[in-house]
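Chain identifiers are assigned alphabetically (A, B, ...) following the order of the sequence lines, protein sequences preceding nucleic acid strands; residue numbering begins at 1 within each chain.
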Number of protein chains: 2
Amino acid sequence: MEKATKTIEKILEDNNLKNTKGHFNVLSVLIKEKHPLSVENVGKKISIKINTTTLYRILDKLSKKGIIYQTTFLDGKTYYEYQKHHHHHITCTKCGIKNKVDFCVSKEIEKINIKKAGFVEINDHVLEFFGVCKKCQKK
Amino acid sequence: MEKATKTIEKILEDNNLKNTKGHFNVLSVLIKEKHPLSVENVGKKISIKINTTTLYRILDKLSKKGIIYQTTFLDGKTYYEYQKHHHHHITCTKCGIKNKVDFCVSKEIEKINIKKAGFVEINDHVLEFFGVCKKCQKK
DNA sequence: ATTGTTAATGCAAATCATTTGCATTAATGT
DNA sequence: ACATTAATGCAAATGATTTGCATTAACAAT
C-alpha cells in the first residue's frame with residue numbers, strides 16, 4: 001500500500017468516517033489537486049462512478065469535519081480544496097482555473113475598517129482576484 | 001415634479017430606456033438605499049406590483065448599462081446597488097445587512113500577487129468582510 | 001390625436017445548483 | 001456471521017434565475 005493511500009485512510013479513521021470508495025476517492029482527488037474544484041469538477045476527476053447527491057454529501061461532510069475547505073465563488077457555485085489555512089485565490093476569467101494567492105488583509109486593517117463601517121465584531125473576509133492565466137494569454 | 005423624479009427620468013433617457021413604472025421604481029429603490037439589495041429585497045421595497053421575471057430583467061439591464069452595480073455574495077445570490085465606484089462591503093452574519101467599506105487592495109499589491117500566482121493580466125478583485133453589526137450585537 | 005414599431009411586461013415552463021425523503025447497501029465493532 | 005448505523009442511490013423537491021412566447025405600453029413619426 002502506497003503512502004498516499006495510508007494517509008487518506010488515516011484521515012478518515014481519525015475523523016470517524018468509514019473508508020468507503022466515495023470518501024476515499026473524493027479526498028484523493030482533492031489532495032492531488034492544487035486548485036479549488038467545484039462539485040462538478042470533482043465529479044469529473046473522480047475515477048469511480050458516484051451519484052451526484054452522494055458527492056454533495058461527502059464534500060459537505062468533509063468540509064464540516066474541517067478536512068477540506070469550502071468557498072463560494074462569483075459564479076455562485078461551491079468550490080472545495082484541501083488546504084489547511086486561510087488564503088485567497090486568483091481566478092482566470094477565460095478558463096476559470098483558480099490559483100492560490102499569498103496576499104491577505106491583516107487583522108489590523110480588518111479591525112480599522114470594521115469599526116469605520118459601524119460593525120463591532122470581526123469574523124472573516126473573502127478576497128478573490130480575477131485575471132488571465134499564462135496559458136490563456138498565449139492563445 | 002420633485003428633483004429625484006427628474007434625475008431618474010434623465011438617467012433612463014440618457015440610457016435609451018423607456019420611462020416605465022418598472023424602470024422608474026426599481027431605480028428609485030436603489031438610489032434611496034445605501035446597502036446592496038438582492039432581487040428579493042428590491043421586490044419587497046418596491047411600491048408597485050411587479051413580476052419577478054421582469055424584476056430580474058430590469059436589474060440585469062440596468063447593471064449592463066452601468067447604471068447600477070452587481071455583486072454575488074456568499075449566499076450565492078445576486079445583489080445590486082447604485083454606486084458609481086469600485087468598493088467593498090461588510091456583511092452582518094446575523095441579519096445580513098451590507099455596509100460599504102473604504103479599504104481596497106492597491107493596484108501595486110494586485111500586480112505583485114498576480115505575477116506571483118503565475119497570472120499575466122489583472123482584471124479585478126472582490127473583497128468582502130463579515131462581522132456583526134451594532135444592532136445585532138445589542139440583542 | 002392616431003398609428004406603428006419596438007421595448008417592456010407577465011405568465012408558464014425550463015434550467016441549474018443543491019437539498020431532502022426514503023429505501024437499500026455496505027463498513028466496522030461485537 | 002450478525003447487528004448497528006453510516007453511506008449510498010434514486011426520485012422528487014427546492015430556490016434562484018432564465019427562457020419562450022404572447023400581450024401591452026412607450027414613444028417617435030404621421
- Task: Taking the side chain as every heavy atom from C-beta outward, state whether A:His87 and A:Val101 have any atom pair closer than 4.5 Å.
- Result: no
- Taking the side chain as every heavy atom from C-beta outward, state whether B:Tyr82 and B:Ile68 have any pair of such atoms under 4.5 Å apart.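 When only atoms from C-beta onward are counted, B:Ile68 and B:Tyr82 do touch, with a gap below 4.5 Å.
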- Item | Backbone N/O of B:Cys136 and side chain of B:Lys94: donor-acceptor pair under 3.5 Å | no
- Item | B:Ser38 side chain to B:Tyr79 backbone, donor-acceptor under 3.5 Å | no
- Note on the structure: Closest to the 5' end of DNA chain D, once B:Asn19 and B:Asp60 are matched to their nearest nucleotides, is B:Asp60
- Where is the tightest heavy-atom contact between B:Glu33 and B:Lys45, given as atom of each residue plus distance?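 The pair with the smallest heavy-atom distance is OE1-NZ, 3.1 Å.
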Tell me: [atom1] of [X] to [atom2] of [N], nearest whole Å?
X       : N      : atom1 : atom2 : answer
B:Leu12 : D:dC27 : CG    : C1'   : 14 Å
A:Lys77 : D:dT17 : NZ    : P     : 15 Å
B:Lys49 : D:dT24 : NZ    : P     : 14 Å
B:Ile58 : D:dT18 : CD1   : P     : 14 Å
B:Asn51 : D:dA25 : CG    : P     : 14 Å
B:Leu59 : D:dT18 : CG    : C1'   : 14 Å

- Message: Just N and O in the side chain of B:Thr78: are any of them under 4.0 Å from OP1 or OP2 of D:dA16?
- Response: no
- Query: Would you find more than 12 non-hydrogen atoms of other residues, nucleotides or ligands less than 6.0 Å from A:Lys135 atom NZ?
  - Reply: no
- Message: How about NZ on A:Lys100, more than 12 heavy atoms from neighbouring residues, nucleotides or ligands closer than 6.0 Å, or not?
- Response: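 Correct, the count exceeds 12.
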- Message: Using a heavy-atom cut-off of 4.0 Å across all strands, would you classify B:Thr54 as base, sugar-phosphate, or nothing?
- Response: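 Contact class for B:Thr54: base.
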- Query: If you walk 5' to 3' along DNA chain C, what is the first nucleotide with an atom under 4.0 Å of a heavy atom in chain A, and what is the last?
  - Reply: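 Result: C:dA17 to C:dT28.
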- Item | A:Lys21 vs A:Tyr56, nearer the 5' end of DNA chain C by closest nucleotide | A:Tyr56
- Is there a donor-acceptor contact under 3.5 Å linking the side chains of A:His89 and A:Asn99?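 No, no side-chain donor-acceptor contact under 3.5 Å.
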- Message: Let me check something: do B:Ile48 and B:Leu27 share a hydrophobic cluster, defined by ILVMFWY side-chain heavy atoms less than 4.5 Å apart, either directly or through other members?
- Response: yes
- Task: Rounding to 10 degrees, work out the angle separating the end axes of the helix from C:dA1-D:dT30 to C:dT30-D:dA1 (five pairs an end).
- Result: 20°
